[in-house]
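Residue numbers start from 1 in every chain, and the chains themselves are labelled A, B, ... in the order their sequence lines are given, proteins ahead of strands. Everything numeric in this text was worked out from a predicted model, so none of it was measured.
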Protein chains: 2
Amino acid sequence: MNENPVYHFLKSCMIEGSLSAGDRLPAERVLSERFSMSRTRIRETLQVLKTEGWIYSRPGGGHFVSDQLEKSFSNPLAEILANNEDSHFDLLEFRLSLEGDCAYYAALRATDVDLTTLTEVFEQLAKSSKSNDILASATWDARFHLAIAEASHNVIFMHVIKSLFSVFQSTMYQSIQELLANNITRDSLFNQHAAIYDAIHNRKPSTAREAAQQHVRYVSDTLQDLVKEKMRTERALRRSHAKKFEL
Amino acid sequence: MNENPVYHFLKSCMIEGSLSAGDRLPAERVLSERFSMSRTRIRETLQVLKTEGWIYSRPGGGHFVSDQLEKSFSNPLAEILANNEDSHFDLLEFRLSLEGDCAYYAALRATDVDLTTLTEVFEQLAKSSKSNDILASATWDARFHLAIAEASHNVIFMHVIKSLFSVFQSTMYQSIQELLANNITRDSLFNQHAAIYDAIHNRKPSTAREAAQQHVRYVSDTLQDLVKEKMRTERALRRSHAKKFEL
DNA sequence: AAAAATAAATTGGTCAGACCAATATGAATG
DNA sequence: CATTCATATTGGTCTGACCAATTTATTTTT
């Protein structure tokens with residue numbers, strides 16, 4: 001199967017990230033023509049990828065990249081986060097290590113295509129940030145970091161950061177929303193993103209790393225403050241309840 | 001696929017034993033008629049069983065039950081690493097980011113218990129390294145890095161490095177053996193380990209980070225040299241073959 | 001102008017029939 | 001009995017077709 005050019009092509013795309021979880025593959029008839037193969041052979045190739053768990057298909061819809069790669073990493077992580085109280089900040093500490101170097105490599109290796117994509121995402125991020133669209137901001141924020149991960153041209157960095165974000169978003173959804181709800185915080189975050197973007201675009205690896213690390217530190221610190229604040233109010237609430245029930 | 005009667009039939013036969021290793025399956029056209037299915041669908045079914053490792057086929061011969069000794073990847077990441085030489089260096093680059101900071105946090109947070117454990121592991125590593133025991137060296141090398149990860153007191157670092165090492169060892173087993181087989185290399189590696197150990201033990205985070213990063217860089221560089229050397233000999237081999245057949 | 005219903009194009013799944021090359025089988029030959 | 005050789009079988013590939021589910025574009029309705 002490894003000599004099958006279609007198999008190799010599709011798998012490379014998925015490993016390198018040009019096809020990520022949920023993306024639709026070219027239609028069978030398209031692949032058939034592009035690789036000068038019969039649809040029969042294309043279908044058998046897709047069947048193999050399907051059996052291996054890389055893709056799935058919906059009749060009438062198409063073939064799609066499955067999330068097994070992402071899940072293989074994020075599921076165990078999610079379990080850890082669910083069972084450890086303070087592990088959320090461990091995750092941010094982990095991100096601090098990753099994202100700095102990831103930005104570094106992105107600034108070093110980004111192709112023109114990568115930079116174009118990054119610019120597009122960044123502009124969307126700017127727009128949604130300026131227009132106080134919290135939901136869109138959160139989405140484009142994540143995409144921005146993923147675009148950097150892709151530009152790093154390191155498949156391990158890419159997949160780990162991709163998985164990290166899916167965990168990050170599902171477990172800290174509310175916190176992120178609250179973070180972005182504050183206008184001042186959102187402005188700060190945007191400026192940090194801009195700094196990272198500029199550094200990568202101007203190909204300054206060390207600057208990019210520094211900017212990315214500062215960004216994660218800021219997120220971490222702000223979230224920590226937010227948690228502390230929440231704990232305070234909860235404690236206050238408990239006190240008032242206790243008083244009420246004379247405990 | 002589980003609703004496919006042919007799939008169910010063949011798999012039942014193999015599980016229950018009426019078809020054992022080496023046996024020939026009914027021909028595609030026979031199955032096609034017996035189950036009133038098109039040959040196309042029969043073939044796709046057989047393709048699934050083939051991908052799952054239950055059977056194999058010989059053109060012109062038929063389909064046969066395999067020995068079921070097929071290795072299957074539990075971790076998709078392991079599969080990527082196994083099939084992409086280039087991704088090995090991506091992994092080392094990733095380790096470069098992680099292990100440095102991990103050592104940093106270990107030097108910062110290690111408890112007395114952590115340090116005791118680390119000392120024990122380090123002494124075992126020293127012993128096996130001095131006595132030229134390659135296998136033991138590899139084992140204690142891995143344990144040393146894991147002990148550092150535990151001392152970092154970050155559950156994410158711990159988990160990721162732990163799973164990374166299991167992947168690392170399963171896919172780069174041979175390379176590591178070759179690395180440790182060289183006495184000079186093994187000495188260098190041991191000195192690097194000693195430097196990391198000292199820095200953590202003396203609670204010097206930055207020094208620990210620097211030492212750990214240098215260590216990973218050395219491993220990466222040495223492995224790269226090893227790969228280059230291997231390519232050279234392979235090329236030389238090909239050349240001599242070509243000469244032989246006057247190509 | 002927006003929403004809902006409808007028509008058309010696209011896509012995966014299945015089928016029939018054909019040809020090739022590798023393999024297996026059995027008959028003819030030494 | 002062993003070898004050789006023609007024949008039948010088998011997996012691999014290709015073409016072209018049709019169906020049903022789905023997506024996309026268009027029209028109609030509100």
Side-chain angles (χ1 to χ4, degrees), chain A residues 1-14 18-69 128 131 133 135-136 139, chain B residues 1-14 18-70 83:
Chain A
M1 197 81 244
N2 288 323
E3 299 151 18
N4 185 324
V6 183
Y7 180 83
H8 182 261
F9 169 74
L10 291 174
K11 208 158 166 183
S12 295
C13 285
M14 291 187 286
S18 42
L19 279 174
S20 22
D23 287 356
R24 218 189 79 176
L25 271 59
E28 296 177 353
R29 291 163 174 90
V30 175
L31 288 171
S32 171
E33 181 159 9
R34 198 183 297 172
F35 285 89
S36 307
M37 274 186 192
S38 68
R39 189 152 88 92
T40 313
R41 206 137 93 88
I42 297 290
R43 276 186 61 77
E44 293 215 338
T45 305
L46 292 173
Q47 183 71 62
V48 170
L49 286 169
K50 224 155 56 165
T51 307
E52 289 177 341
W54 288 92
I55 63 172
Y56 63 93
S57 62
R58 279 210 316 270
H63 288 88
F64 303 85
V65 179
S66 72
D67 58 1
Q68 70 148 16
L69 218 176
S128 52
S131 64
D133 188 341
L135 209 69
T139 306
Chain B
M1 199 78 244
N2 290 322
E3 300 152 16
N4 186 323
V6 184
Y7 180 83
H8 182 260
F9 168 73
L10 291 174
K11 207 159 169 180
S12 297
C13 286
M14 290 187 288
S18 45
L19 277 175
S20 28
D23 286 357
R24 216 189 81 175
L25 272 59
E28 295 176 353
R29 290 162 174 92
V30 176
L31 288 170
S32 171
E33 181 160 8
R34 197 185 294 172
F35 285 90
S36 307
M37 273 186 193
S38 70
R39 215 185 123 209
T40 312
R41 204 137 93 91
I42 296 290
R43 276 186 60 77
E44 292 215 338
T45 306
L46 293 173
Q47 184 72 65
V48 170
L49 287 169
K50 223 154 58 165
T51 307
E52 288 176 342
W54 289 90
I55 62 173
Y56 63 93
S57 63
R58 279 212 313 271
H63 288 89
F64 303 86
V65 180
S66 63
D67 300 340
Q68 198 57 32
L69 292 173
E70 286 288 323
N83 296 323

Measure from the side-chain N and O atoms of B:Ser32 to the backbone N and O of B:Glu28, and report whether any donor-acceptor pair falls under 3.5 Å. no
Just do the side-chain contact (heavy atoms from CB on, under 4.5 Å) check on A:Val6 and A:Arg41 with the steps written out, would you? CA-CA 10 Å; A:Val6 183; A:Arg41 206 137 93 88; over 6 Å; no
Atom CG of B:Asn4 to atom P of C:dT14: distance rounded to whole Å? 8 Å
Can you tell me if the side-chain N/O atoms of B:His63 get under 4.0 Å from OP1 or OP2 in D:dG11? yes
May I have the step-by-step check of side-chain contact (heavy atoms from CB on, under 4.5 Å) for A:Leu69 and A:Met14, ending in yes or no? CA-CA 9 Å; A:Leu69 218 176; A:Met14 291 187 286; 5.9 Å; no
A:Gln47 side chain near B:Thr51 side chain, heavy-atom distance below 4.5 Å: no
Can you measure A:Ile55 atom CD1 to C:dT11 atom P for me and round it to whole angstrom units? 15 Å
Using a heavy-atom distance cut-off of less than 4.0 Å, which residues of residues 20-36 of chain B contact DNA chain C? B:Arg29
Looking at A:Ser57, I'd like to know whether one of its side-chain N or O atoms comes within less than 4.0 Å of OP1 or OP2 on C:dT11. no
What parts of residues 37-50 of chain B reach DNA chain D, counting only heavy atoms under 4.0 Å away? B:Arg39, B:Arg43, B:Lys50
Which value, rounded to the nearest 0.5 Å, describes the distance between B:Phe9 atom CZ and B:Leu25 atom CG? 8.5 Å
Parallel, tilted or perpendicular, as decided by the 30° and 60° cut-offs, for the rings of B:Phe64 and B:Tyr56: parallel
B:Ser57 side, atom OG; B:Leu49 side, atom CG - distance, nearest 0.5 Å: 11.5 Å
Value for CZ (A:Arg39) from CG (A:Leu46), rounded to nearest 0.5 Å, stands at 10.0 Å
